[in-house]
Amino acid sequence: MSGAFSLSGRKALVTGANTGIGQAIAVALAAAGAEVTCAGRRDCDETLAKIALAGGRASSQLLDFADPMAARHTFAGAGYTILINNAGIIRRNDSAEFSEADWDDVIDTNLKALFFTSQAFGRELLARGAGGAVVNIASLLSFQGGIRVPSYTAAKHGVAGVTKILANEWAADGINVNAIAPGYIATNNTEALRADPARNRSILDRIPAARWGEPEDIAGTAVFLCSPAARYIHGTVIPVDGGWLAR
Ligand code: NDP
């Protein structure tokens with residue numbers, strides 16, 4: 001790939017790249033020419049194999065965001081110009097019953113780790129005077145309330161806010177910070193919803209595209225947001241949702 005959508009010569013780190021949306025983004029970034037580090041709390045062998053099969057370049061790194069500061073030493077001197085903050089968890093329970101542990105675990109992984117990983121990445125770029133791109137994986141629950149996922153909704157609203165403040169502070173330094181809000185995507189994260197026939201039906205009935213999204217449906221937008229074609233896009237949260245929010 002060449003031109004405005006190429007990531008040739010770029011080095012990218014994708015968190016939570018062993019499966020789901022993170023895996024699809026890692027594969028797509030590599031296909032667009034980036035050298036990709038697949039980061040996660042377990043091995044990313046399947047993702048590495050997919051990238052190798054397509055002739056791309058990738059390696060892996062263990063990072064567990066149970067410690068939100070896990071990536072503080074990851075970027076210094078390593079040459080990254082792309083960061084995809086994708087790792088995330090979800091806990092479901094009625095708000096009246098929700099535990100402090102389910103609040104803290106989700107906020108730590110989905111929001112605190114995202115901020116401090118971005119900070120470590122941004123510091124390195126600012127010190128080098130280099131431009132780059134951060135893409136945060138937000139959610140429809142960055143805009144809507146959802147049901148039975150209070151810490152997830154709080155975290156994803158926070159992701160939208162953090163995306164905007166970092167864009168405000170770093171845009172003039174050539175660092176594009178944006179987010180993608182995926183709709184309902186068939187991954188481990190949504191297994192419980194798809195296994196519940198009533199929830200599954202009500203979700204499908206509301207999606208104009210009339211199907212669950214696939215992880216690959218998200219990947220092209222991530223490539224675009226990291227590419228020169230998106231150089232004047234800062235602080236946006238782009239829904240990729242089969243039309244859900246238009247409904
Ligand atoms: P998955 O559960 O398939 O993927 C989540 C990824 O995050 C996995 O790689 C997971 O690793 C990783 N992860 C979780 N906790 C940690 C941790 N402590 N340290 C490092 N990595 C961790 O779901 P998705 O692919 O759907 O989720 C990816 C992102 O997309 C998340 O931020 C999610 O909130 C968001 N999203 C998903 C939607 C959907 O409909 N699927 C909709 C909107 C947003 P492991 O495999 O070890 O658990």
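Computed over heavy atoms, backbone and side chain alike; hydrogens, waters and symmetry mates excluded. Residue numbers count from 1 along this sequence. We count ligands from 1, going down the list as the structure has it; atoms in each ligand are counted the same way.
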Requested in this report: For atom 21 (N) of ligand 1, state which one of Pro239, Ala87, Ala113 supplies the nearest heavy atom.
Outcome: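 Among Pro239, Ala87, Ala113, the closest heavy atom to atom 21 (N) of ligand 1 comes from Ala87.
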
**Report entry** Option with minimal heavy-atom separation from atom 42 (C) of ligand 1, where the choices are Ala39, Ser139, Gly183
**Finding:**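 Of the listed residues, Gly183 has the closest heavy atom.
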
When you compare the side chain of [Y] with that of [X], does any pair of heavy atoms fall below 4.5 Å?
X	Y	value
Ile137	Pro182	yes
Leu225	Ile233	yes
Arg92	Leu193	yes
Ile84	Cys226	yes
Phe65	Asn110	no
Phe98	Arg91	yes
Ser118	Asn85	yes
Ile203	Trp212	yes

Of the side chain and backbone of [X], name the one, both, or neither that has a heavy atom under 4.0 Å from an atom of ligand 1.
X	answer
Gln23	neither
Thr187	side chain
Pro215	neither
Ile21	both
Leu63	backbone

[X] heavy atoms, cut-off 4.0 Å: which ligand 1 atoms fall inside?
X	result
Asn18	8 (C), 9 (O), 11 (O), 45 (P), 46 (O)
Thr19	3 (O), 4 (O), 8 (C), 9 (O), 46 (O)
Tyr152	33 (C), 34 (O), 35 (C), 36 (N), 43 (C), 44 (C)
Tyr184	40 (O)
Ala66	18 (N)
Asp64	17 (C), 18 (N), 19 (N)
Pro182	42 (C), 43 (C), 44 (C)
Thr190	39 (C), 40 (O), 41 (N)

Requested in this report: Locate the shortest heavy-atom distance separating Gln61 from Tyr80; write the atom from each residue and the value.
Outcome: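 Looks like OE1-OH, 4.2 Å.
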
Query raised in the report: With a cut-off of 6.0 Å (strictly less than), are more than 12 heavy atoms of other residues, nucleotides or ligands near CD1 of Ile165?
Result: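 No - once you tally the heavy atoms of other residues, nucleotides and ligands closer than 6.0 Å, there are 12 at most.
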
Requested in this report: Determine whether more than 12 heavy atoms belonging to other residues, nucleotides or ligands lie under 6.0 Å from atom NZ of Lys11.
Outcome: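 For Lys11, atom NZ is crowded (more than 12 foreign heavy atoms under 6.0 Å).
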
Report yes if [X] has an N/O atom closer than 3.5 Å to an N/O atom of ligand 1; otherwise report no.
X	value
Gly16	yes
Asn86	yes
Arg41	yes
Phe65	yes
Ile137	no
Arg42	yes
Gly40	no
Ile89	no

Against ligand 1, does [X] come closer than 4.0 Å with any heavy atom?
X	result
Ala70	no
Ala186	no
Thr15	no

Report task. Under the side chain to side chain contact (heavy atoms under 4.5 Å, CB included) rule, what do Leu13 and Phe121 come out as? Steps first, then yes or no, please. Result -> CA-CA 10 Å; Leu13 184 135; Phe121 173 77; over 6 Å; no

Protein residue, atom and distance nearest to [atom], heavy-atom basis:
atom	result
atom 40 (O) of ligand 1	Ile185 N, 2.8 Å
atom 44 (C) of ligand 1	Ala138 O, 3.2 Å
atom 5 (C) of ligand 1	Gly88 O, 3.5 Å

Requested in this report: Just do the side chain to side chain contact (heavy atoms under 4.5 Å, CB included) check on Arg206 and Tyr184 with the steps written out, would you?
Outcome: CA-CA 11 Å; Arg206 204 206 131 135; Tyr184 284 83; over 6 Å; no

[X] side-chain N/O to [Y] backbone N/O, donor-acceptor pair under 3.5 Å:
X	Y	answer
Ser142	Lys156	yes
Asn136	Ala138	no
Asp217	Glu214	yes

Report task. Evaluate the side chain to side chain contact (heavy atoms under 4.5 Å, CB included) criterion for residues Cys38 and Val14: first the C-alpha distance (whole Å), next the side-chain angles of each, then the deciding distance (0.1 Å), finally the verdict. Result -> CA-CA 5 Å; Cys38 299; Val14 182; 5.9 Å; no

